[in-house]
Structures are given as C-alpha cells and as structure tokens.
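Presented below is the structure to which this report refers.
This chain uses plain numbering: 1 for the first residue, then up along the sequence. Computed from a predicted structure; not experimentally measured.
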Amino acid sequence: MTARRGRRRVLVATIAVIVVALLGVCMWSLQRSLVYLPARGEVAPAGSVLQGAEDVRLRTSDGLGLGAWLVPPRRADRDTAVLVANGNAGNRQTRAPLARALADEGFTVLLFDYRGYGGNPGRPSEEGLAADARAASDLLVARGHPPERTVYFGESLGTGVVTALAAERPPAAVLLRSPFTSLADVGAHHYPFLPVRALLWDRYPVLDTIGRIGRPVSVVLGEDDDIVPPRQSLAVAAAAPRLVERVEVAGAGHNDAALTHGPEVVAATVRLADHAL
C-alpha cells in the first residue's frame, strides 16, 4: 500500500508538472494575444463623434500610418495638449468621453490608436508602441504643441508607453491612470502558477522608469481595481521624484466610468497642468 501511494503521488506530481509546462508553452506562444486586445475594425470619422475633431494620420519611424483624432479645445484655449496613450483594449473611439471632458477644460487632445488597433496596420509590441507614441508626439509638435506644452496621459498599459516616452522626450507633466509597476508584476499577480517573469517578451518597467522622470507626475487609481492591483499604483506614486498628487477614486474598478473619464480624473489633469505650466 505504501509503495502504491508513493507511485500515485509521483504520477500526480508528474501530471501537474506537465500541465504547468503546457500552460507555460501556451502562454509563451500566445502571450501577445493575451496582453493586447485591440478593437480592429475601422473607427468612425472624428467629426461624427466629437464636434470639431479632425482625422489625422501619424507616421511611425518604421513606416506605418496610424489613425488618430485631434480634438480642439471647446472652451478657453490653454495652449496645452494632452497626448492620450490608451490601455490594452478597444480603440480611440472608446476614449471619446475622456477627450470631450478634457476639451471642455481647454485642452487640445490627441487620441491615437496603436499599431494593430482601430484599423491600423502592424502588430502591437512594446517596441512598436514606443514608436507609435513618438509618432503621436511628432504630430503634436507639427501642430504647435511641443513636449514642454504637452501632458502625457497614460491609462493602464499606456502608463508603460508614456513613462518610456517621458524618459526620452520630457513633457510638461505626466498623468498616470492605474499604473502598474511592470507588466511582469501584473502577469505574476494574475498567473501566480506560471513563470511569467521568465516568459514575457514585453516588460514595460514603469517603476524602474518613473525614477528617471524629473517632470511633475500625478497618479490616479481605483480603490477597487481588480486588473492592476492598487498597491502597484501606489508603489509607482511613491517612486515618482516629483509627485504632485495621488488620487484614489473610491469604489472604482479598472474600467468604471469614474476612472476612465470621471470628474476626479479630469480634475486631476487640470490641477497637474496648472501646477506644471
């Protein structure tokens, strides 16, 4: 009986190792389809969604043309732009309420879709999204909004995009909505049974990068965020050399309207711009 139980334990352990190994292989080969969840269809014309908005085209350093919307201020012009870097799902049309709210506060707003999103060519990757963000910055410069007159607004995955951009091209300020410490940390939180840190191709090391950004930073997080653990957002806020404020939206989940475009998020952006400019 003892020998039989021993063989059974070995068999169970072997099966468990095989299952974990197979899951690891699947994650390794399919990881970008798990990280990036684009809405691939064509996006409506800008003016049909946001009054006065203009369809513009970004040109990346590797030759891709990306769709974007340039939204003018709806009230007194602050002569300040907001470059919005989206999270990992949807497209620019789903960020229209945020753009409308910011335009109402006098900002020029650039909404753009990454490669592979919103009818754009290409496949998303950390390197690719970095190139896309540079192209967005280039468009704003061409329209009279240099980085020093621009607030970088990153949401979730976009916090990794804008922190990298800010390290290269310092802006007026950076607003991070639901930032994670790194993509590997988020993955390890959701898949604790897999060697996520060893498998990931894309890293987005927000916590490491934020320490090199000498511009004003504000962090907004949801108290009930079940996608990005609030403790990770708090760690990013604590590491920012020039933190202006940390805003915790009570009862808000990751994709709740209160966190995506609610008044606390918009007010935090206004206060940050007022502080920086």
Side-chain angles (χ1 to χ4, degrees), residues 35-58 66-74 80-120 124 129 132-133 135-137 139-140 143 145 150-163 165 171 173-180 218-222 225 227-228 247 249 252-270 272-273:
V35 172
Y36 305 103
L37 305 172
R40 299 182 184 278
E42 294 294 329
V43 179
S48 68
V49 180
L50 293 166
Q51 184 178 5
E54 176 187 357
D55 286 293
V56 294
R57 203 79 179 158
L58 312 182
L66 306 179
W69 292 351
L70 191 63
V71 185
R74 292 160 61 94
T80 303
V82 179
L83 184 160
V84 178
N86 299 339
N88 72 327
N91 57 37
R92 61 190 180 277
Q93 190 165 338
T94 59
R95 278 74 186 184
L98 173 64
R100 184 179 294 110
L102 293 173
D104 282 344
E105 295 293 341
F107 295 105
T108 296
V109 183
L110 179 63
L111 299 180
F112 72 100
D113 278 321
Y114 307 125
R115 59 191 62 207
Y117 286 71
N120 287 334
L129 268 59
D132 301 345
S137 174
L139 184 282
L140 285 174
R143 292 301 185 97
H145 297 284
T150 300
V151 175
Y152 296 166
F153 185 114
E155 60 169 46
S156 193
L157 182 74
T159 64
V161 176
V162 298
T163 50
L165 182 63
V174 182
L175 190 294
L176 302 177
R177 198 277 280 175
S178 304
F180 46 71
S218 287
V219 171
V220 181
L221 61 140
D225 195 327
I227 303 298
V228 175
V247 178
V249 182
H254 192 77
N255 294 311
D256 290 349
L259 202 54
T260 59
H261 59 275
E264 292 184 72
V265 176
V266 175
T269 307
V270 170
L272 179 62

Measuring from atom [atom1] of [X] to atom [atom2] of [Y], what distance do you get when rounded to the nearest 0.5 angstrom?
X: Tyr152; Y: Leu272; atom1: OH; atom2: CG; result: 13.0 Å
X: Leu140; Y: Leu58; atom1: CG; atom2: CG; result: 8.5 Å
X: Leu102; Y: Leu175; atom1: CG; atom2: CG; result: 8.5 Å
X: Arg177; Y: Leu221; atom1: CZ; atom2: CG; result: 10.5 Å
X: Leu110; Y: Arg143; atom1: CG; atom2: CZ; result: 9.5 Å
X: Phe153; Y: Leu83; atom1: CZ; atom2: CG; result: 11.5 Å

Any donor-acceptor N/O pair, [X] side chain to [Y] backbone, under 3.5 Å:
X: Thr269; Y: Val265; value: yes
X: Asp113; Y: Asn120; value: no
X: Glu54; Y: Leu70; value: no
X: Gln93; Y: Ala44; value: yes
X: Asn88; Y: Leu37; value: no
X: Tyr114; Y: Asn86; value: yes

Can you see which heavy atom on [X] is nearest to which on [Y], and at what distance?
X: Gly116; Y: Pro38; result: O-CB, 3.4 Å
X: Ser156; Y: Gly87; result: CB-CA, 4.3 Å
X: Asp132; Y: Arg115; result: OD1-NH2, 2.8 Å
X: Pro72; Y: Gly52; result: CD-O, 3.4 Å
X: Ala103; Y: Val71; result: CB-CG1, 4.0 Å
X: Ala101; Y: Val266; result: CB-CG2, 3.6 Å

>> With side-chain contact (heavy atoms from CB on, under 4.5 Å) as the criterion, how do Val43 and Val49 come out once you've worked through the C-alpha distance, each side chain's angles and the decisive distance to 0.1 Å?
In response: CA-CA 10 Å; Val43 179; Val49 180; over 6 Å; no
Under a 4.5 Å cut-off applied to non-hydrogen side-chain atoms, are [X] and [Y] in contact?
X: Phe112; Y: Val56; answer: no
X: Ile227; Y: Ser178; answer: no
X: Val109; Y: Leu50; answer: no
X: Val219; Y: Pro179; answer: yes
X: Thr260; Y: Pro97; answer: no

> According to the salt bridge (Lys or Arg N to Asp or Glu O under 4.0 Å) rule, which pairs have a member within residues 99-112, sequence neighbours left out?
Replying inline: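 Applying salt bridge (Lys or Arg N to Asp or Glu O under 4.0 Å) to every pair that reaches into residues 99-112, excluding sequence neighbours, yields Arg74-Asp104.
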